[in-house]
Protein chains: 2
Amino acid sequence: MPAPNMREKILEAASRLFAFEGYSAVSMRRIATAVGMTQANLYYYFKDKEELIRSALAAVFNGRSHSLAAALASGESPEERLERAISWFVTLLFDDEVVSKLFFRELLTGDKDRLKFLTQNIFQESFNTIIEIIDACIDTPDPTLAAIYLASTIIGYCQYSTVAVYLQGAKPEYFEPVAVARHLMDQVRRFAKAPCLAKEVLA
Amino acid sequence: MPAPNMREKILEAASRLFAFEGYSAVSMRRIATAVGMTQANLYYYFKDKEELIRSALAAVFNGRSHSLAAALASGESPEERLERAISWFVTLLFDDEVVSKLFFRELLTGDKDRLKFLTQNIFQESFNTIIEIIDACIDTPDPTLAAIYLASTIIGYCQYSTVAVYLQGAKPEYFEPVAVARHLMDQVRRFAKAPCLAKEVLA
DNA sequence: GTCTATACTCGGATAGAC
DNA sequence: GTCTATCCGAGTATAGAC
């Protein structure tokens, strides 16, 4: 039997390597070795390196994008939904280095076509969900802007933590996903619409 | 005359290229061409590519790190100092793509030695200044954590804006450095200690 | 589908002349 | 200090056998 899902296996190995070392630093040879085949044979599955990169990105981001909807499936209060959404995103970025690093690489590379594609086809849906939730429970004239700030803070925190751990006075618990999510939610509650403010607020 | 500061000229060209395209994607030949010399001659100035990379990073980050102190030179109120610090950092990341991209590349690469070095030798001082200011005017039990969040938000916002512009409902003014700094300061004021709360707060 | 062999290009680095 | 010439390894990609 000729390996049922060799294509997926290649995509998985390639995304890991691309995520951790970058596109140009990873050769077709390395990827081939990682899946135990010859370099030449990769060209049976992908036209060239570019196509392999694009396919790997699509596979990773598509695979993870539907999980927000799942995390919010059960219909709780807006505040609980917001809490879940924050915790979903924080956990995604902190615990899944393949997504987070590929995501950051895309932001850095700045290929406009790829960014536009990713945004409109993959991120937009989750983003709309967040806006909706924010609109329901946060007291702000511009929920879109608020959503951008919320996402930014999470993104930045995940990025910055790789260096912030070395700062004098930084404690390990600052960088625990669960603690981060809770702290963020506590901050957000300060902006909650009055009826939503369910718990005591402590920094 | 044999070019007075050829070394600086090389470092400048190299940092630009590294920032925009990444270390492994930029060859010694490209750098040489950019400064108008032969590839071989780069080895007169730098032992190898690694040394060129390290030198370029050091030059860029050292060059910009002292400017926060300068921005805060005159001794105003803590709140004004915080406003200046925020605006300094936002402007730095938004307007100087060489610093910001190199910074993000370092965060992404995650070379522990280099990150530790950068943090402790270059970022720590500015960071301490921010903590001091926050401690003076923000009502929080943990100014260090607050400083990390503030920095994260700015970092994340700068990163995220490259993709957020493509989101439905995003307005161009969301990504104007000056507007971003002002909005951030408005948010921060909500956490200000009572006597510092000088202006009306609007989101 | 997977291999071997091979073509070709490009990148890093050194030697030695000027 | 800068060049030319050159080496070598590594990278992408293709052809064709099995």
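From a predicted model like this one, the values you see are computed outputs, not experimental measurements. Letters go in sequence order (proteins before strands), and every chain restarts at 1.
Distances were taken from every side-chain heavy atom of A:M37 (C-beta onward) to each of D:dT2, C:dC3, C:dG1; the shortest belongs to C:dC3.
Remark: B:R16 does not engage B:E97 in a salt bridge, criterion side-chain N to carboxylate O under 4.0 Å.
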So if I define the base as every atom that isn't primed, P, OP1 or OP2, how would nucleotides 4-15 of chain C read as a B/S/- string at a heavy-atom cutoff under 4.0 Å? BB-----BBBB-
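Residue A:R7 contributes atom CZ, which lies 17 Å from atom C1' of C:dT2 at whole-angstrom precision. Rounded to whole Å, the distance from CD on A:E51 to P on D:dA13 is 11 Å.
Across every non-hydrogen atom of B:S24 and B:K49, the tightest pair is CA-NZ, 4.0 Å.
Listed pair A:Y44 / C:dT2 fails the phosphate criterion, with no side-chain N or O lying under 4.0 Å from OP1 or OP2.
Annotation: B:F103 is not in aromatic contact with A:Y160 [ring centroid separation under 6.0 Å not met]. Taking the six-membered ring for Trp and the full ring otherwise, A:H183 and A:Y174 have centroids separated by 6.0 Å or more. Checked against the 6.0 Å centroid criterion, the rings of A:F104 and B:F104 do not qualify as a close aromatic pair.
Legend: residues meeting side-chain contact (heavy atoms from CB on, under 4.5 Å) with B:S55, ordered by chain and number and at least two apart, are B:R7, B:L11, B:F46, B:E51.
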